[in-house]
Amino acid sequence: MTDRYLVSPSPHIHAKASTDSLMRDVLIALLPVTVAAILFYGWSELLVLGVSLLSCALLEWAIAKWMMHDVRIANVPSALVTGLLLALNLPATAPWWVVFAGAVFAIGITKMSFGGLGQNIFNPAIAARVFLLVSFPKQMTVWAAPNGFLPVTDAISGATLLGKYNEGGMEALRALGYPGNHALFFDMGGSVGEISAGLLLLGFAYLLLRKVVKPWIPLSIFATIALISGIFHGVAPDTYTGPVLNLLAGGVILGACFMATDYVTSPMSAWGGVIYGAGIGFIVMMIRYFGSYPEGMSFAILIMNCFVPLIDRAFHQKKYGRG
Amino acid sequence: MGGVHPDDSKFARESRIEVLGVPQKVFVSMSQHLGAPAKPVVAVGDFVKTGQLLAEPGGFISACIHSPVSGTVKSVAPRKDLAGNMAMHVEIEVLGDLWEDSIDLSTKLIKDIPEDREAILQKIKDGGVVGLGGATFPTHVKLNPPPGKTAECLIINGAECEPFLTSDYRMMLEHPQEIVVGAAIMQKVLHACPCVIAIEENKPEAIAAMQKAVADLAYPDIRVAVLRKRYPQGGEKQLIDAVMHRQIPSGGLPVDVGAVVQNIMTAFAVYEAVQKNKPLISNVLTVTGDGVPANMQHNYLFRIGVPFSYIIEQAGGVPENTAKIVSGGPMMGKAFANLEATTVKGSSAVLYLSAERTRRKAEGPCIRCGRCADACPMGLEPFLLNRLAKAGDTQELENAAVQDCIECGCCLYSCPAQIPLLDRIRPAKAQVLGIIKSRNVKK
């Protein structure tokens with residue numbers, strides 16, 4: 001009677017969370033901002049989302065099947081996360097072929113050529129965004145006026161706040177009524193994923209609640225940005241933007257909560273995460289204040305991705321009974 | 001530090017302890033404690049009484065074994081244990097139930113503890129008492145710390161942190177006074193060190209029962225401590241950390257930090273051995289599983305040596321949707337390869353698991369989520385140990401402290417990619433321990 005039963009080593013039970021369920025949670029967390037983006041930007045946004053999601057998923061599968069000869073390497077849920085993040089990092093006006101080129105770079109170059117899920121050094125969506133930014137600067141910086149399914153009239157169109165600052169300094173910002181004229185919710189402009197800090201934070205709260213990610217990396221990024229911009233703005237308010245704008249504008253919240261927390265490309269320990277986040281915050285502020293790009297979140301994350309193996313080497317858990 | 005929170009699944013918690021009968025034949029294993037196997041002192045054809053000595057210790061770390069039944073010795077021969085390994089067993093054909101005369105079979109509580117420390121230790125040794133929390137380490141050895149080491153705290157382990165298991169819980173509800181007397185006896189042996197009965201917070205009834213017994217019996221310096229619920233709270237190292245805020249140095253013993261840990265059931269066995277002259281021939285085990293009907297959930301007082309197949313039959317057979325049967329808890333128990341195997345002193349459960357609950361999915365790639373490291377109660381990095389074990393790098397494995405692994409299973413339990421972390425770490429640990437041992441011998 002015994003050979004009917006499984007025999008294998010302990011433990012005999014398993015926690016419910018799986019790689020797929022974690023990826024699904026990230027997709028759910030991004031749902032509010034995705035819906036808002038569609039309502040805001042309408043059909044053009046639906047096209048960007050559709051091309052990005054579909055091509056990322058198909059590329060993941062096709063490369064695993066025909067180039068790596070093992071479909072098990074493909075992890076479609078994680079490719080969908082990459083696809084969604086890529087779409088949220090693009091302007092709604094991005095032509096379909098730019099989106100597709102981004103998907104090829106994200107999945108093909110950044111992820112699969114390193115060996116697929118878990119092997120990549122750089123966050124695929126971020127790497128693709130930077131690739132597109134330097135390759136197609138014109139298509140990547142035409143920010144659409146919200147022209148979607150909602151009657152929004154007072155939203156900012158054209159260049160973002162940070163773009164204005166980059167071109168004309170504080171004078172240009174003041175002309176827009178800064179400070180005092182940026183709400184937390186629907187008027188940030190920029191990439192479609194940057195439109196609503198509130199909805200992004202809502203999604204991140206869901207991830208925290210589900211214990212999918214820990215808060216240390218985003219908190220460290222926010223604290224560093226607030227600290228650096230607080231000091232600069234405090235010393236020279238006429239030259240440097242302040243903490244509120246720097247925290248809310250650009251890709252800080254999207255990047256900190258959803259891209260910098262990517263398991264594969266971030267440190268594993270809590271203290272490692274704090275160092276990593278501080279590095280990102282520092283680089284972002286240096287680019288914004290002294291660089292030629294208006295926005296630096298993507299570059300900052302990409303640069304800090306390189307340091308993750310070193311950070312992991314430096315921070316280990318405290319072992320039981322060893323001091 | 002670390003740990004996981006699996007679903008409690010204590011379905012048998014309301015089932016009172018039932019006395020299980022005996023089949024026509026029992027098989028008593030000679031290897032049912034940590035250390036050297038016991039040496040049989042009976043021959044084929046001998047008649048033995050219940051509680052009579054069957055085998056004497058086979059070394060310093062070893063224990064006596066007694067007959068759980070009365071009857072005739074039919075054979076002394078190797079037989080398969082539950083994993084399929086061969087071990088020496090004494091086969092007894094049961095005839096009536098005639099007990100050794102020296103054993104007190106009344107249920108009257110004897111509160112007065114003998115004065116002579118050496119005499120108590122001898123009784124515990126002669127009673128074949130071993131740790132019943134899982135490791136089955138001979139109790140008299142543990143209660144007699146080497147020269148220069150003193151016990152500063154006796155911890156009675158009532159955490160029962162493994163899901164499904166309820167035998168310690170039922171004992172605390174049904175025999176709290178005997179457990180407290182057993183604890184007081186061990187306290188006496190350890191030169192009257194303070195004693196803490198540690199119970200997880202999810203067992204309020206057991207906490208109340210033990211607190212009442214402690215108050216009623218009024219021995220000095222015994223108290224009940226309530227612990228946070230997490231697995232493996234009842235692991236010896238974790239328990240000492242939780243109760244005393246001390247950590248045993250790597251490779252050290254609990255007594256190095258002044259701790260002696262004994263299980264609830266061991267305290268009961270000490271009580272019976274010292275106060276009733278009754279050797280360790282019975283224990284309590286839980287028969288349970290997920291989706292198993294309430295009338296098939298049992299806590300049995302069984303004679304040690306009864307085959308598992310008999311227990312399963314008495315409990316109503318193997319339930320329909322069972323995919324795996326485990327001896328012990330779901331986190332550290334062993335899967336049965338042989339249901340004809342016999343119960344041993346450390347048997348704590350027969351656990352039926354459905355395919356849905358127990359099946360492992362295919363291994364995926366590591367996504368570096370860090371859950372294994374968060375879960376490891378020893379502060380190790382299982383993802384790293386897994387990689388090093390695959391590479392066979394014993395030097396780096398030792399640097400990463402693979403030898404500290406307690407094999408609790410938290411890493412594998414928590415891994416979302418279902419990487420068989422512990423499956424690879426376990427043999428690597430054994431290999432590194434071997435290397436350390438041979439290096440120490442050379443010195």
Side-chain angles (χ1 to χ4, degrees), chain A residues 1-25 72-75 77-78 81 111 114-120 211-214 216 261-270 272-273 308-309 312-313 315-323, chain B residues 1 4 6 163 237 241 247-250 252 309 318 322-326 330-340 351 353 355 357-362 364-371 373 376-381 383 401 404 407-410 412-418 422-423 426:
Chain A
M1 75 193 273
T2 53
D3 50 2
R4 282 174 43 219
Y5 302 109
L6 290 170
V7 178
S8 58
S10 64
H12 306 289
I13 53 173
H14 199 279
K16 285 197 185 73
S18 65
T19 303
D20 287 359
S21 80
L22 296 174
M23 297 300 166
R24 195 170 58 229
D25 276 339
R72 289 174 303 174
I73 296 170
N75 185 295
S78 88
V81 170
K111 188 178 178 193
F114 282 86
L117 179 64
Q119 310 299 320
N120 47 300
K211 297 200 162 116
V212 174
V213 293
K214 297 205 187 103
W216 314 126
T261 52
D262 170 27
Y263 293 140
V264 177
T265 55
S266 67
M268 294 177 82
S269 60
V308 167
D312 270 345
R313 205 165 255 264
F315 292 92
H316 290 278
Q317 281 219 85
K318 196 179 163 298
K319 293 184 176 69
Y320 177 103
R322 287 170 181 260
Chain B
M1 155 158 64
V4 292
K237 292 185 171 75
D241 198 6
Q247 297 191 343
I248 306 169
S250 175
S309 54
V318 178
T322 303
K324 189 191 243 183
I325 309 177
V326 175
M331 295 299 287
M332 290 188 81
K334 277 202 173 85
F336 279 102
N338 170 27
L339 289 174
E340 294 306 319
L351 173 62
L353 291 170
R357 189 86 185 252
T358 195
R359 198 179 60 210
R360 290 195 193 171
K361 296 195 195 78
C366 175
I367 55 169
R368 297 174 31 90
C369 67
R371 284 167 186 240
C376 180
M378 297 303 289
L380 309 181
E381 289 155 318
F383 63 91
D404 289 359
E407 303 182 24
C408 64
C410 287
L412 210 167
Y413 172 85
S414 61
C415 177
Q418 304 244 359
L422 183 55
D423 293 359
R426 212 184 322 243

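Quick caveat: nothing in here was measured; it's all calculated off a predicted structure. The sequence lines fix the lettering, A, B, ..., with proteins before strands; numbering per chain opens at 1. Heavy-atom basis, side chains included; hydrogens, waters and symmetry copies ignored.
Contact annotation for B/P6: only side-chain heavy atoms (C-beta onward) come within less than 4.5 Å of a heavy atom of chain A. Of the two parts of B/C369, the backbone and the side chain both hold a non-hydrogen atom closer than 4.5 Å to a non-hydrogen atom of chain A. Proximity to chain B (any heavy atom under 4.5 Å) is shown, for A/S78, by neither the backbone nor the side chain. B/I248 touches chain A through backbone and side chain together, each having a heavy atom under 4.5 Å away. In this structure, chain B has no heavy atom under 4.5 Å from any part of A/D262. The contact between B/P377 and chain A is made entirely by backbone atoms, counting heavy-atom distances below 4.5 Å.
When B/P365, B/G252, B/G370 are compared by the number of non-hydrogen pairs under 4.5 Å with chain A, B/P365 comes out ahead. The choice from B/C366, B/A373, B/C408 that makes the most heavy-atom pairs within less than 4.5 Å of chain A is B/A373. Contact count against chain A (heavy-atom pairs under 4.5 Å) is highest for B/M378 among B/M378, B/R359, B/R357. Between chain A and the residues B/G379, B/G333, B/A355, the most heavy-atom pairs under 4.5 angstrom are made by B/G379. Contact tally against chain A (heavy-atom pairs below 4.5 Å) for B/C415, B/G364, B/A417: the top residue is B/C415.
When atom types are taken as modelled, the side chain of A/H14 and the backbone of B/R360 share no donor-acceptor pair closer than 3.5 angstrom. Judged purely by atom type and a 3.5 angstrom limit, A/Y320 uses its side chain to pair as donor or acceptor with the backbone of B/K237.
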Dump the intermediate steps for side chain to side chain contact (heavy atoms under 4.5 Å, CB included) on B/R368 and A/V308, then the final yes or no. CA-CA 11 Å; B/R368 297 174 31 90; A/V308 167; 3.3 Å; yes
Stepwise side chain to side chain contact (heavy atoms under 4.5 Å, CB included) check, A/K319 with B/L380: CA-CA 6 Å; A/K319 293 184 176 69; B/L380 309 181; 4.1 Å; yes
Decide yes or no on side chain to side chain contact (heavy atoms under 4.5 Å, CB included) for B/L351 and A/H12, but give the supporting numbers first. CA-CA 10 Å; B/L351 173 62; A/H12 306 289; over 6 Å; no
As a quick check of understanding, evaluate side chain to side chain contact (heavy atoms under 4.5 Å, CB included) for A/S269 and B/E381, giving each step before the final call. CA-CA 10 Å; A/S269 60; B/E381 289 155 318; over 6 Å; no
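Under the side-chain contact (heavy atoms from CB on, under 4.5 Å) rule, A/I13 has a single partner from B/L353, B/V326, B/T358, which is B/L353.
Listed by chain and number, the residues in a side-chain contact (heavy atoms from CB on, under 4.5 Å) with A/P77 are A/D20, A/M23, A/N75 (sequence neighbours excluded).
Note that NZ of A/K16 is 14.5 Å distant from OG of B/S414, once rounded to the nearest 0.5 Å. Separation of atoms NZ (B/K324) and OG (A/S8) is listed at 2.5 Å; rounding is to 0.5 Å.
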